[in-house]
**Q** 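Here it is, the structure, as structure tokens.
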Amino acid sequence: MAPIPPTDAPQPIKDVLDSIEKQFELSDERLKQITAHFVTMYRRGLQHGHEPMAMIPTYVTGVPDGSETGTFMAVDLGGTNFRVCEVQLLGDHKFSLKQKKFKVTEELKTGPAVDLFDYMASCIGDFMKELGNPPEDECLHLGMTFSFPVEQTALGAGRLLTWTKGFSATGAIGNDVVQLLQDSLDKKRVAAKCVALVNDTVGTLLTRGYLTGSCFLGAIFGTGTNGAYVEDLSSITKLKKLDAATRKADKMIINTEWGAFDNARHVLPITRWDNALDRISINPRYQAFEKLISGMYLGEIARNILIYLIDLPPIPGSNPPQHYLFRGHSTKKFNTQYGFDTELMSRIKNDSSPEAVRELLVNEMGFTDYQISDLDTQIVAWICDLVANRSAALSGCAVAATLVQCGYCEVGGGPGSKEVDSALELGVDGSLVEFYPGFEEALRKSLRAIVGEKMEQLVKVGMAKDGSGVGAALCALVATKNEQHS
Ligand code: BGC
């Protein structure tokens, strides 16, 4: 059962809900305005360094066509888990993958970076042992997916600009993350050499390209959000020094780091509940776009709104006093920062019946049956949907801006500089797009409003599962080839 607007609520409750709804509404005009600003920021980031939207050149100069072959190790750090995989590229758009996931604890995320990288090296060593170590004189080449803003200086080197998504390990910012991993591998005598560094969005783009033969954008809508697309090398005017392998190319994949779009807050529809989240986050004023969109934050925005409703004084003149939500009660869990996980929003969207929502609030949040009315369950489901819909609509702006930047159309739907005669592949990955019911439809609705139906219909959205692993393996392949030719 899908969420229904709480239309039967008493008038004072309806009034408060209406005012919340207004703050989450995005008219078509507003979506277009945000998209136009997005394109301006894209262009600014391509011209100058040190822009919030970093537009990072990745030194990856092509999208695979599916014929690539070889066996590579790939590792992936990006959120809750550290993944180590062995990827076999079989050619013919196929691959096989063996992988192991290792948990990244809060201590590792927030302690000294050297502990984090030592841990990663030990996990790689353990996995290699399980596979059967390579012969003594052989050193495995591995690609690393590192899903944070890293300023790359070559395919296999890059300086961490800042942490995101709850990471704050000390001693990493400003340093080459490939070197940090290599130091730990050498210290622990693990016979592996990290030859390529890649963002998860780039991995997604490459993997979708490998699977289908083409891809214009790789996007993550998961714990964090970001996108990578193929840019003309001549437009990346801030890129002054090019290595021999890059000089021959005419395209390069750009890691946009769009999570930092509009940190200055010129156009984003930021509400008091977003501000409450930002103020006590570990990176206040940063990742403004990501904080409206991604899985790490949506549950927290919804929780902030619901807490606001709980805290409102009873409806004036009501006797006995009537509260706006849960009879004015909260719980220890529900009072905890990040206590209401975005995954619960997906479950509520899946089944918004009063019984299902009540059961979830009791079991997961510690409310009692007595505290929850049927109307409360409706309000909770409706608020969750409001937050998720805004996320999907804003995600549509990012996709639309990329279509415009690639020359496929203008904001508003007018023709761009390039003819489009076949489907445009958009590779996606992440828990939100994979598990939040209706996320893609809501994104498409927004895209339609910005670039028109004809263009929207040309965009083909496809999951690039295991994109990080396959993408890192593909980059390790390129790096190894470059090494052999130099
Ligand atoms: C990071 C990006 C990453 C995205 C998705 C963001 O927080 O800054 O580098 O691609 O999350 O994982």
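Every number for a ligand or one of its atoms is a count from 1 in the order of the listing. Values in this document were obtained by computation on a predicted structure and should not be read as measured data.
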**Q** Salt bridge (Lys or Arg N to Asp or Glu O under 4.0 Å), that's the test. Do R303 and E300 meet it? Break it down for me.
**A** CA-CA 5 Å; R303 190 186 72 87; E300 182 65 358; 2.9 Å; yes
**Q** Return yes or no for this condition: an N or O of T201 is under 3.5 Å from an N or O of ligand 1.
**A** no
**Q** Can a side-chain donor-acceptor contact be found between D65 and S67 if the only test is distance below 3.5 angstrom?
**A** yes
**Q** So which bit of V150 gets within less than 4.0 Å of ligand 1, heavy atoms only: side chain, backbone, both or neither?
**A** neither
**Q** Only heavy atoms of T164, strictly under 4.0 Å: list the atoms of ligand 1 that pass.
**A** 1 (C), 6 (C), 7 (O), 8 (O)
**Q** List every atom of ligand 1 that sits less than 4.0 Å from any heavy atom of Q287, numbering the atoms from 1 in the order shown and giving each element.
**A** 7 (O), 8 (O)
**Q** Considering only the protein, which heavy-atom contact is closest to atom 8 (O) of ligand 1, and what is its distance?
**A** E257 OE1, 2.7 Å
**Q** Once you measure the plane-to-plane angle for F334 and F340, does it fall in the parallel (<30°), tilted (30-60°) or perpendicular (>60°) bin?
**A** perpendicular
**Q** Is the shortest N/O to N/O distance between N255 and ligand 1 below 3.5 Å?
**A** no
**Q** For ligand 1, which is the ligand I care about here, please tell me if G224 has any N or O atom under 3.5 Å from one of the ligand's N or O atoms.
**A** no
**Q** Parallel, tilted or perpendicular: which one describes the rings of F261 and F289, with boundaries at 30° and 60°?
**A** perpendicular
**Q** Check L447, L403, V404 against M455 for a side chain to side chain contact (heavy atoms under 4.5 Å, CB included) and give me the one that passes.
**A** L403
**Q** Atom CD of E21 and atom CH2 of W382: how far apart are they, to the nearest 0.5 Å?
**A** 4.5 Å
**Q** Of the protein's non-hydrogen atoms, which lies at the shortest distance from atom 6 (C) of ligand 1, and what is that distance?
**A** E290 OE1, 3.0 Å
**Q** Heavy-atom contacts with P149 under 4.0 Å: which atoms of ligand 1 show up? List them by number with element.
**A** 8 (O), 9 (O)
**Q** To check your reading of the model: name the closest protein heavy atom to atom 11 (O) of ligand 1, its residue, and the distance in Å.
**A** K165 NZ, 3.2 Å
**Q** Among D200, T256, I220, which residue places a heavy atom closest to atom 10 (O) of ligand 1?
**A** D200
**Q** Can a side-chain donor-acceptor contact be found between K291 and N283 if the only test is distance below 3.5 angstrom?
**A** yes
**Q** Quick check, are the ring centers of F221 and Y436 under 6.0 angstrom apart?
**A** no
